[in-house]
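Only a predicted model underlies this, so the values are computations on that prediction, with no experimental measurement involved.
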Amino acid sequence: MNRRDLLSLLGLGAASLAATARPSTGAPAGRAPFPPVPTPLPVPSDGLDAAGQRRRYARVELEDRLVLPEGYRAEVLAVWGDPVADGRFGFNNDHLSFLALGPDQALLTVNFEYISPRTWREGYTEAVGEAGGGDLPFEALIEALSPAGGRVDASSLAEDDPLLGQIRRVAAAAMADLGVGVIELEREPEGPWRRRPGIFDRRITGLSGWRDPAGRLGVTGPAAAVFRRCARLGYDDGLGEAIIGSFANCAGGETPWGTVLSAEENVQSQVPEAVHADGSSVAPAARPFAWDGQRLDGLGNPFGLAGNKYGWMVEIDPRRPRAAALKHSWLGRFRHEAVAVKAEAGQPLIVYSGCDRHGGHLYRFVSSGTIIDPADPANSGLFAQGRLEVARFDPPAAGTGGEGRGRWLPLEPSTPVDPLTPAHFARFGLEQAVLLPHSDRRQPGAEAFASEAAVAAYRRRFPSLAELYPGEGEEQMGAILIDAHLAACAAGATPGARPEDTVIDPTSGDLLIAFTAGGGSDDGRADPAIFRGPQGQPTWPYGWIMRLADGGPARGGSFRWRMVATGGAPWQGGLGFSNPDNLAVDRRGHLWMTTDRSTRSADLDLFGNNSCWVLPSRGPSAGEAFCFATGPMECELTGPCFDASESTLFLAVQHPGDDHGSRPSLEAREAQSHRLVDRSGRPFEQLRWVPLGSNWPSGVPGRTPRPGVVAIRRLAGGPLLDG
Ligand code: FEO
Ligand code: CA
Ligand code: CA
């Protein structure tokens, strides 16, 4: 990453660059639009010379609190367990969406992504209360499941089996903490936002509609035809088009007509992901319920949930608490992370989304219909008909300064099968099989192909998606959309570096994408021709931000792309953060970004606690990256969004204490040693003290941490940033 790339991202031209560029190892950075929060490692924007960096960073102590710039204050709006409508504020809040109802009244829509078993169990009774069923049979269930390795296929148990009753109590409690919530906010004029429970408060949980059919979710687009089928290769939940609940709700976005899009991401932890050639699910037994005190998953198993009904983009209208939430199947089923909506009068609706897994793809939906008024709520109807396309990136050609091109591949029956092959990865010294829809089409899920000959034979047998997904009309199209990830692999889409959030830059109309990490796992591997480290490394676990200029909505259209910010240590070519995740752009085009570096990876300890950064687009500090906040221990900051005047930043603190649970005392800490490099390139040692566990937000040793949402303002009021 260099300064030119970053300025390019933020829409500044070469003239601005020439006026402000500095040598990367030279003088300290320009003035920040706020007093930056100290980072645990030297960063280009810390304002210190080399000697100053060695002094400041020789000894560092991390803190179990939300650290903000001087002159800013955070107020807790809601935490896990707070009553919301007929349920409670859920666990591990992620995406936040602010919708103004008036100058001093608003709705905040919140995603609840997953359960951290340790802190959830530790804090459950306190958060939910004895009266609310806070006495769950955690220990009895661990004991009962122990002989079977902590797991059981609950769908095989008789309805009157007491074990099924215990399992359902624990699983239903966890599902009640997932999904989406809407809470009302109010404030005195110019005062801080506070929660005021009201008529718009709402909870959609992982089990909405299980007992009460009126709470079920709906589906639009061709997957409905698959759900309706009587004859199918796999599992039938008996519900037709109706859907129970939503879970694994990670990032999301908003439409210009006031609805919220909520992305179902890692649903494979709760229900089977693999589907048959006709789009039907494998039976719930394939993802058994598991609880051993350390892991809690397979939550769909005791309720017989069909896996093909999860992994979608869900649209919710927070102003209509009784309207059913809709899963829009034209946007495809995969591990949806982010979503970004482009809605311009006279154009089709375009919706971008990414699939967060190693080798996950970037997609766009293009509606058949055209937008007349972007603010018209009837635009939701545009999701009902269109096409899904997936990105194929070409590497930058010589002399382009790192700008590459690409094109959109439609996912439809006539799409040729043309996958990346193992030889592509071998050119970068990587041994990588490619995953494709199983060649025995009676088998669900994927099959790995490790040789060129095997892939060539596959292509001869299945020349197009129509041969992989037999059938007709909506049933065939629905099967492709339900199996979108593997269909995209077959079509030759570029395997990505775990795409997380996407956002439209309002100053350029371009798409910004956080690719959180380049590497591989059993899921697949990022294309090393596209996702390369600063020195061309084929694996780069610290991530990037990409800018993509879309060439228009034409079928199979083209785009241009460029990496514009690189994660990693400054002495390795990064900006000092690791693993960009959520993105937000304020109205001046400044980019806000939160990180999600795994706290279980010692290789990433260097980067300290997860954090929130601002990358200004203009002014004397344009082209730098400044740390705005660092989170409490073992958490991730998520969901950055603003109120209408951009004087308040809303942030979610997700999974505090994820590794060590409650911090028992201030003595619970460990010493770490880090080898750092100062601005002049000289190495030095750091002693770092790291608290173990968290007590956020109470700050009281021994108290269980709770995920929650905060509102951040300046003590003096006014816009969040200077200038
Ligand atoms: Fe739930 Fe990809 O973050
Ligand atoms: Ca995320
Ligand atoms: Ca995350």
Check: [Y] main-chain N/O paired with [X] side-chain donor or acceptor under 3.5 Å:
X: R688; Y: D605; answer: yes
X: H590; Y: L615; answer: no
X: N695; Y: R663; answer: yes
X: N93; Y: G708; answer: yes
X: N111; Y: C250; answer: yes
X: T255; Y: T259; answer: yes
X: D82; Y: V79; answer: yes

Between [Y] and [X], is the closest basic N to carboxylate O distance under 4.0 Å?
X: D201; Y: R195; result: yes
X: R600; Y: D658; result: yes
X: D46; Y: R679; result: yes
X: R498; Y: D356; result: yes
X: R196; Y: E184; result: yes
X: R202; Y: D86; result: no
X: E75; Y: R73; result: yes
X: D722; Y: R714; result: yes

Verify the distance criterion only: is there a donor paired with an acceptor across the side chains of [X] and [Y] at less than 3.5 Å?
X: D581; Y: T594; result: no
X: D659; Y: T599; result: yes
X: S611; Y: W613; result: yes
X: N609; Y: T630; result: no
X: T595; Y: N579; result: no
X: S116; Y: N92; result: yes
X: D505; Y: S508; result: yes
X: E113; Y: N249; result: no
X: E254; Y: S97; result: yes
X: S246; Y: E264; result: yes

inquiry  = So for atom CD, which belongs to E670, do other residues, nucleotides or ligands contribute more than 12 heavy atoms lying within a distance under 6.0 Å?
reply    = yes
inquiry  = Within the supplied structure, the quantity of interest is the number of heavy atoms (other residues, nucleotides, ligands) at a distance under 6.0 Å from R320 CZ; does it exceed 12?
reply    = no
Calculate, to the nearest 0.5 Å, the distance between atoms [atom1] and [atom2] belonging to [X] and [Y] respectively.
X: M563; Y: M546; atom1: CE; atom2: CE; result: 4.0 Å
X: S262; Y: I204; atom1: OG; atom2: CD1; result: 8.0 Å
X: S578; Y: L606; atom1: OG; atom2: CG; result: 8.5 Å
X: N582; Y: M593; atom1: CG; atom2: CE; result: 10.5 Å
X: I545; Y: L591; atom1: CD1; atom2: CG; result: 5.0 Å
X: T516; Y: R597; atom1: OG1; atom2: CZ; result: 12.0 Å

Heavy-atom closest pair, residues [X] and [Y]:
X: A711; Y: T648; result: CB-CG2, 3.8 Å
X: P705; Y: T119; result: CG-CG2, 3.6 Å
X: Y542; Y: G568; result: CB-N, 3.5 Å
X: I199; Y: P321; result: O-CG, 3.6 Å
X: P42; Y: L676; result: CD-CD1, 3.8 Å
X: A565; Y: F577; result: CB-CZ, 4.5 Å

Would you check if [X] and [Y] make a side-chain contact, meaning some heavy-atom pair closer than 4.5 Å?
X: F34; Y: F626; answer: yes
X: V84; Y: I183; answer: yes
X: R88; Y: R203; answer: no
X: I712; Y: L68; answer: yes
X: L185; Y: L107; answer: no
X: E122; Y: S662; answer: yes
X: Y352; Y: K342; answer: yes
X: L96; Y: T109; answer: no

query = Do any pairs count as a salt bridge (charged side-chain N to carboxylate O under 4.0 Å, His left out) and have a residue in residues 628-647, sequence neighbours left out, and if so which ones?
reply = R187-D643
Taking the six-membered ring for Trp, are [X] and [Y] closer than 6.0 Å centroid to centroid?
X: F628; Y: Y72; value: yes
X: F684; Y: Y57; value: no
X: F98; Y: F650; value: yes
X: F515; Y: W544; value: no

message = If you apply the rule side chain to side chain donor-acceptor pair (under 3.5 Å), what do you find for W592 with D586, and how did you get there?
response = CA-CA 8 Å; W592 298 64; D586 63 28; 3.1 Å; yes
task = Would you mind telling me which of W120, F247, F89, W80 makes a ring-ring contact (aromatic ring centres under 6.0 Å, His included) with F112?
result =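 With F112 as partner, W120, F247, F89, W80 yield a single ring-ring contact (aromatic ring centres under 6.0 Å, His included), made by F89.
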task = Given salt bridge (Lys or Arg N to Asp or Glu O under 4.0 Å), test R194 with E188 step by step and report yes or no.
result = CA-CA 9 Å; R194 300 191 191 287; E188 298 296 323; over 6 Å; no
key: Working for side chain to side chain contact (heavy atoms under 4.5 Å, CB included), residues T205 and L178   = CA-CA 5 Å; T205 75; L178 303 181; over 6 Å; no
key: salt bridge (Lys or Arg N to Asp or Glu O under 4.0 Å) between R675 and E685, worked out   = CA-CA 5 Å; R675 188 169 175 79; E685 295 292 325; 3.1 Å; yes
Test side chain to side chain contact (heavy atoms under 4.5 Å, CB included) applied to V653 and W696, step by step = CA-CA 9 Å; V653 176; W696 193 88; 3.6 Å; yes
